[in-house]
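The analysis underlying the following values was restricted to heavy atoms, covering all of them including side chains, and did not include hydrogens, waters or symmetry mates. When a ligand or atom number is given, it counts from 1 through the structure's own listing order. All figures in this text were calculated on a predicted structure; none of them were measured in a lab.
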Amino acid sequence: MSKMYTPWTEYMEPFKIKGNLYFVGCVAASSHLIATSEGLILLDTGYPQNLYMVIDGIYKLGFSPYDIKYIIHSHGHYDHLGGTKALVELTGAKTFIGAGDEDYANGKLDLTWAKELGYDAYHEAFEPDFILHDGDKITLGEVEMEFAAAPGHTPGTIAIFFNITDEGKEYKVAMHGGVGFNSMSLEFLDKYGLCHDCRQKFVDAIDRIIDRPVDIFIGNHVWNNDTKGKYQKILDGDKDAFVDPAEWKRFLQYQKEEMLKWIAEGK
Ligand SMILES: [Zn+2]
């Protein structure tokens, strides 16, 4: 049993990353908001215990959670979809998840990591409205999102690609939806009778997306892309704190090399 989760200690100020892209998550799990002329897109809802912060953050930025049209999940773990059921009841937003994680979301498979965190995911289970496959695209207003299958961390982990606009300039934004090795350890996989090949799939998926041009790399956890450090830079006046065309490749290359080490060492 993990130590008691204290959601109030996970607070982060919501803020504009650039243009129509905003951070509305917390320390434990990131959520991102994309504003379009037709409504809002939310990437990940976070822990159910932190949902009040996401909702409050959306209001603080001058938006209404009732304008959320799409909720997209980076993958099917508790810390990314735990708030979804309540948010859907509040807003009527449509939900999306990568193919392979739908049974995590709807509670048929008890693999959301809730158990590891000391919770019962059944309370937060929901049936996703749309299942995303490699190469799928969705559009809301002027924002088009493209998805790439990026399995490994979970079978349905996705990478997300879209453009934002800031002062007339377009920026390519991307997220890799799950790089934690915790759910790819042999110990975890064997405990649940899962296939070991997710590790090689993780590496292969990185190879398929690593060469894409990306100006702004966002993470589904703040430690992926130093969200806190960059936010401090924004506060200090650097409007381009999140713009780094080399970061996507650097991050994925590191993840790939570390996983290849794990495979070689049989961890
Ligand atoms: Zn996860």
Side-chain angles (χ1 to χ4, degrees), residues 2-3 5 7 10 23 25-32 42-51 54 71-85 87 95-126 128 131-132 147-160 174-192 194-199 201-203 205-206 209 217-225 227 251-252 254-256 258-259 262 267:
S2 57
K3 76 175 170 60
Y5 187 62
E10 305 292 336
F23 181 89
C26 64
V27 179
S30 298
S31 291
H32 291 86
L42 183 68
L43 304 183
D44 284 349
T45 57
Y47 285 83
Q49 296 86 347
N50 283 106
L51 182 62
V54 175
I71 298 172
I72 298 172
H73 299 95
S74 60
H75 65 277
H77 280 163
Y78 189 76
D79 50 341
H80 303 282
L81 54 64
T84 301
K85 185 180 187 180
L87 198 56
T95 57
F96 299 73
I97 200 159
D101 280 9
E102 59 270 33
D103 286 349
Y104 288 35
N106 64 28
K108 284 185 191 152
L109 286 175
D110 192 4
L111 286 170
T112 64
W113 211 260
K115 213 158 35 185
E116 279 71 16
L117 294 161
Y119 300 110
D120 180 356
Y122 176 76
H123 298 293
E124 280 80 31
F126 64 95
I131 308 299
L132 296 167
F147 306 97
H153 181 69
T154 66
T157 298
I158 52 170
I160 305 169
M175 172 191 282
H176 186 296
V179 295
F181 284 17
N182 51 359
S183 55
M184 292 186 279
S185 73
L186 294 184
E187 188 190 350
F188 175 81
L189 296 171
D190 289 344
K191 182 178 168 191
Y192 289 98
L194 301 170
C195 198
H196 292 185
D197 68 355
C198 66
R199 298 143 67 95
K201 283 182 180 168
F202 177 76
V203 172
I206 287 178
I209 56 176
F217 164 53
I218 55 172
N220 62 349
H221 286 292
V222 293
W223 47 88
N224 287 355
N225 66 336
T227 308
F251 176 78
L252 292 183
Y254 176 79
Q255 300 299 332
K256 176 183 163 179
E258 289 300 301
M259 180 48 74
W262 266 43
K267 276 197 191 166

Return the minimal non-hydrogen interatomic distance between Phe96 and His73, and the atom names on each side. O-ND1, 2.8 Å
Grab the two heavy atoms, one from Tyr47 and one from Ala28, that are nearest each other, plus how far apart they are. CE1-CB, 3.6 Å
Protein N/O/S atoms under 2.8 Å from the Zn ion (ligand 1): how many?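 With waters ignored, the protein N/O/S count below 2.8 Å is 3.
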Pair His176-Asn224, side-chain donor/acceptor within less than 3.5 Å: no
Partners passing salt bridge (charged side-chain N to carboxylate O under 4.0 Å, His left out) against [X] (at least two apart in sequence or in another chain):
{"X": "Lys267", "result": "Glu265"}
{"X": "Lys256", "result": "Asp207"}
{"X": "Asp197", "result": "Lys201"}

